[in-house]
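Below is one structure; the comments refer to it alone.
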Amino acid sequence: MADPLQRETVGETAYRRIRSDIVFGRLIPGEKLKLDRISEAYDVSISTLRELLNRLCSEGLAVAEGQRGFEVAPVSAEDFREVAAMRQLLECHALEQSFQQGDLDWESRVVAAYHKLSVIENRMLAGDHSEPEIWKQFDWQFHHALISACGSKVLLGTHAAIYDKYLRYQMVTVVFRGETAANQHQKLLECALARDFATAQQVLIDHIQGCVEDALARETDWVATFASKRASDLTDSSDARGKQVSRRGDRPARARSTSA
């Protein structure tokens, strides 16, 4: 019999993986989550998987279909607006508290997080869009750093949950607003160091609403477009690996260092 603690660890690991795959779009909105296939893919028992999927349903990331099983939660323009409005409400409040209470350590966290984000945004402005997940991780780290001194674990936890739902829309709609977003991030940094909440609040509102409006204006059938793009990316990635193997022949591959 498996150790209960080990079973819980396996379950938590599978939960985090499935949740991440939903948020980052590896599991596409509306996709059927067939228990046999998902159980094998995430190396977890079907009984544990049911518990995990019900947990994701309570978070709004999956949907139970009665006797028909589960599917990834769908997306819609209306839901995107609602999620964005909630993110805006929570983040503006947390931002105000953080600006009031932030110390030198907080400023250091904000500056460090901004540096990482600005580096990858500059790469994207130069045409390199090969690491969208790294970009969004750095984006999250910067926005989280800005509000990290708010003094409320409940507020930070609630914001994190809403941010993940907002992030899922960003991944599905493939939104990168170039210099506009990069300049807004720089302005938020400047406002944080100057403790200028009034300006920061307006910049943040423009930042969030601009993303929503851009996504709604550019595409109506997000899921079909996203699914097509993912299929193309996977094909390109597979072709690239094939060419790499062909060039290497029988030579062993050299180890490469990666950064995250």
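Hydrogens, waters and symmetry mates are skipped; everything else that's a heavy atom, side chains included, is used.
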If we ignore hydrogens and angles and just use 3.5 Å, is the side chain of [X] paired with the main-chain N or O of [Y] as donor and acceptor?
{"X": "Trp106", "Y": "Ala145", "result": "yes"}
{"X": "His159", "Y": "Leu90", "result": "no"}
{"X": "Glu31", "Y": "Ile28", "result": "yes"}
{"X": "Ser98", "Y": "Leu146", "result": "yes"}
{"X": "Asp139", "Y": "Trp135", "result": "no"}
{"X": "Gln101", "Y": "Cys150", "result": "yes"}
{"X": "Asp214", "Y": "Gly210", "result": "no"}
{"X": "Tyr169", "Y": "Ala84", "result": "no"}
{"X": "Arg50", "Y": "Leu35", "result": "no"}
{"X": "Ser39", "Y": "Val44", "result": "yes"}

Are Arg26 and Ser20 close enough that a side-chain donor and a side-chain acceptor fall under 3.5 Å?
yes
Between Glu96 and Gln201, is there a side-chain donor-acceptor contact under 3.5 Å, judged purely by atom types and distance?
no
When you compare the side chain of Phe24 with that of Leu167, does any pair of heavy atoms fall below 4.5 Å?
yes
Test item: Arg87 and Lys165 side chains (from C-beta on) under 4.5 Å apart, heavy atoms:
no
Tell me, yes or no, whether the heavy-atom count around [X] atom [atom1], taken from other residues, nucleotides or ligands under 6.0 Å, exceeds 12.
{"X": "Glu59", "atom1": "CD", "value": "yes"}
{"X": "Arg19", "atom1": "CZ", "value": "yes"}
{"X": "Asp43", "atom1": "CG", "value": "no"}

Can you list everything that forms a ring pair (Phe, Tyr, Trp, His ring centres under 6.0 Å) with Tyr166? Sequence neighbours excluded, please.
Phe80
For His185, enumerate each residue passing the ring pair (Phe, Tyr, Trp, His ring centres under 6.0 Å) test, keeping only those at least two apart in sequence or located in another chain.
Phe142, His143, His207
Check step by step if side-chain hydrogen bond (donor to acceptor under 3.5 Å, both in side chains) holds for Thr199 and Asp196.
CA-CA 6 Å; Thr199 302; Asp196 182 0; 2.7 Å; yes
Between Ile205 and Ile208, is there shared hydrophobic-cluster membership here, with clusters defined by ILVMFWY side-chain heavy atoms closer than 4.5 Å?
no
Kindly work out whether a path of hydrophobic side-chain contacts (I/L/V/M/F/W/Y, heavy atoms less than 4.5 Å apart) joins Val23 to Met171.
yes
Looking at every heavy atom in both Leu125 and Glu179, which two are closest together, and how far apart are they?
CD2-N, 3.5 Å
Quick test of your reading of the model: are Glu213 and Arg81 salt-bridged, counting only N-O distances below 4.0 Å?
yes
Let's go through Gln184 and Arg177 carefully: what are the C-alpha distance in whole Å and the side-chain angles of both, what is the deciding distance for side-chain hydrogen bond (donor to acceptor under 3.5 Å, both in side chains) to 0.1 Å, and is it a yes or a no?
CA-CA 10 Å; Gln184 288 169 338; Arg177 294 183 299 127; 3.0 Å; yes
